[in-house]
Visitor: 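If you scroll down you'll find the structure; I have some questions about it.
Since we're looking at a predicted model, the values are computed, not measured.
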Amino acid sequence: MATKIDKEACREAYNLVRDDGTNINWVTFKYDGSTIVPGDQGTDYEEFTRECKDDIRLFGFVRFTTGDAMSKRVKFALITWIGESVSGLQRAKTGTDKTLVKEVVQNFAKEFVISDHKELEEEYIKNELKKAGGANYDAQNE
């Protein structure tokens, strides 16, 4: 059966993370049968990483504050999590299904495809976002 997405519900969850007026910093998009729906949401990145279990695949939209001594900026990441125990067929299908998620999640600085918990480390993600962000005025301090 072809995968579908609940666009309206997913868009609402996506906008919660983008909205500066909320404290929601992440949301997941999970599979409910063959439909992608909003999953959990929260304020702490560690909570998000606990959602990424070895036997599931999910999409995460996460807000990070990056920057340097001269300016702080909000950057968004789209994280595709594919647990190590996910079957080959489901792994392959995740790539196709991500196009549905991208119809809703359209603004992000960097996209990640991750299946190893080490790559979910917050500092790693922030450093990658900082690299994608351009000028680094902290370079003189490194």
Side-chain angles (χ1 to χ4, degrees), residues 1-139 142:
M1 181 183 276
T3 304
K4 301 176 297 200
I5 187 167
D6 184 341
K7 278 189 183 178
E8 202 54 44
C10 288
R11 189 168 286 118
E12 282 180 30
Y14 164 72
N15 286 331
L16 280 175
V17 176
R18 290 192 47 82
D19 185 351
D20 292 334
T22 72
N23 62 352
I24 302 298
N25 288 325
W26 61 267
V27 64
T28 61
F29 303 102
K30 295 182 174 184
Y31 291 87
D32 180 11
S34 63
T35 304
I36 298 171
V37 297
D40 294 317
Q41 61 191 32
T43 57
D44 182 33
Y45 181 73
E46 287 301 314
E47 294 171 342
F48 168 74
T49 63
R50 287 193 293 273
E51 294 294 311
C52 299
K53 297 182 175 56
D54 285 339
D55 60 341
I56 66 165
R57 53 196 176 126
L58 61 77
F59 304 94
F61 182 64
V62 187
R63 167 194 285 259
F64 291 95
T65 301
T66 65
D68 47 47
M70 299 295 281
S71 67
K72 297 285 182 197
R73 295 177 288 290
V74 171
K75 296 286 183 184
F76 298 97
L78 174 60
I79 299 173
T80 301
W81 169 259
I82 305 171
E84 292 183 6
S85 301
V86 171
S87 74
L89 182 59
Q90 281 188 327
R91 284 177 180 274
K93 203 164 166 358
T94 303
T96 308
D97 294 346
K98 183 169 35 176
T99 60
L100 296 172
V101 174
K102 285 182 168 181
E103 289 176 14
V104 174
V105 177
Q106 297 179 344
N107 296 307
F108 50 89
K110 189 156 175 75
E111 178 178 346
F112 300 85
V113 178
I114 299 175
S115 33
D116 182 346
H117 282 280
K118 285 182 233 156
E119 293 178 35
L120 279 174
E121 289 178 8
E122 189 170 5
E123 282 311 305
Y124 169 75
I125 302 285
K126 280 186 169 183
N127 285 335
E128 291 297 308
L129 289 171
K130 195 172 186 179
K131 287 180 201 173
N136 178 8
Y137 298 107
D138 269 350
E142 292 178 355

Visitor: Could you check Thr35 against Ile5 for side chain to side chain contact (heavy atoms under 4.5 Å, CB included), going step by step and ending with a plain yes or no?
Guide: CA-CA 5 Å; Thr35 304; Ile5 187 167; 5.8 Å; no

Visitor: Looking only at the aromatic ring of each residue, does the gap between the centers of Phe29 and Tyr14 stay below 6.0 angstrom?
Guide: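 Ring centroids of Tyr14 and Phe29 are no less than 6.0 Å from each other.
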
Visitor: Restricting to side-chain hydrogen bond (donor to acceptor under 3.5 Å, both in side chains), what partner residues turn up for Glu111, sequence neighbours left out?
Guide: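 Scan of Glu111 (side-chain hydrogen bond (donor to acceptor under 3.5 Å, both in side chains), adjacent residues dropped) gives Lys98, Lys102.
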
Visitor: Quick one: are Val74 and Phe64 in side-chain contact, heavy atoms under 4.5 Å?
Guide: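 Result no, sub-4.5 Å side-chain heavy-atom pair not found.
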
Visitor: Please report the closest heavy-atom contact between Ala109 and Lys75, naming both atoms and the distance.
Guide: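 Taking Ala109 first and Lys75 second, the nearest heavy atoms are CB-CD, 3.9 Å.
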
Visitor: What about Phe61 and Phe76, are their ring centers closer than 6.0 Å?
Guide: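 Yes; Phe76 has its ring centre under 6.0 Å from that of Phe61.
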
Visitor: Output side-chain donor-acceptor pairs under 3.5 Å for residues 113-123, partner residues at least two apart or in another chain, one line each.
Guide:
from   : atom 1 : to     : atom 2 : distance (Å)
Asp116 : OD1    : Lys118 : N      : 3.0
His117 : NE2    : Cys52  : O      : 3.2

Visitor: Please collect all salt bridge (Lys or Arg N to Asp or Glu O under 4.0 Å) contacts where either partner lies in residues 54-63, sequence neighbours excluded, each pair once.
Guide: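 Qualifying pairs, neighbours excluded: Asp20-Arg63, Arg57-Asp97.
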
Visitor: Please say which of Thr49, Asp40, Thr43, Ile79 ends up in a side chain to side chain contact (heavy atoms under 4.5 Å, CB included) with Trp26.
Guide: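 Filter result, single survivor: Asp40.
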
Visitor: Within the side chain of Arg91, is there an N or O that forms a donor-acceptor pair under 3.5 Å with the backbone of Gly83?
Guide: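 Judged by distance alone, yes, a pair lies under 3.5 Å.
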
Visitor: Looking at side-chain heavy atoms only, is the closest gap between Ile36 and Val101 below 4.5 Å?
Guide: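 Yes, their side chains come closer than 4.5 Å.
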
Visitor: Of all the heavy-atom pairs spanning Thr96 and Thr99, show the shortest one and how long it is.
Guide: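 Heavy atoms only, the tightest pair is O-OG1, 2.6 Å.
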
Visitor: Any side-chain heavy atom of Trp81 sitting closer than 4.5 Å to one from Thr28?
Guide: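 They are not in contact (no side-chain heavy atoms under 4.5 Å apart), so the answer is no.
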
Visitor: Walk me through whether Val105 and Phe59 qualify under side chain to side chain contact (heavy atoms under 4.5 Å, CB included).
Guide: CA-CA 10 Å; Val105 177; Phe59 304 94; over 6 Å; no

Visitor: Between Thr94 and Gln90, is there a donor-acceptor pair closer than 3.5 Å when you use the side chain of the first and the backbone of the second?
Guide: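 Yes; judged by distance alone, with no hydrogens or angles, the pair exists.
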
Visitor: Which is it for Arg11 and Asn15 under the side chain to side chain contact (heavy atoms under 4.5 Å, CB included) test, yes or no, and what are the steps along the way?
Guide: CA-CA 6 Å; Arg11 189 168 286 118; Asn15 286 331; 3.7 Å; yes

Visitor: In Å, rounded to the nearest 0.5 Å, how long is the span from CD of Gln106 to CG of Leu78?
Guide: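 CG of Leu78 is found 11.5 Å from CD of Gln106.
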
Visitor: Less than 6.0 angstrom from the centroid, inside 45 degrees of the normal: does Lys126 satisfy that with respect to the ring of Tyr124?
Guide: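 Relative to the ring axis of Tyr124, which defines the angle, Lys126 lies outside at least one limit.
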
Visitor: Check the pair Lys4 / Ser34 against side chain to side chain donor-acceptor pair (under 3.5 Å), numbers first and verdict last.
Guide: CA-CA 6 Å; Lys4 301 176 297 200; Ser34 63; 5.0 Å; no

Visitor: Can you check whether Thr3 reaches Leu100 side chain to side chain, under 4.5 Å on heavy atoms?
Guide: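 In contact.
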
Visitor: So which atom in Glu47 and which in Gly42 form the shortest heavy-atom distance, rounded to 0.1 Å?
Guide: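 Looks like OE1-CA, 3.6 Å.
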
Visitor: Any side-chain heavy atom of Leu16 within less than 4.5 Å of one from Arg18?
Guide: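 Not in contact.
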
Visitor: Would Ile125 and Glu128 count as a side chain to side chain contact (heavy atoms under 4.5 Å, CB included) here? Give the steps.
Guide: CA-CA 5 Å; Ile125 302 285; Glu128 291 297 308; 5.8 Å; no

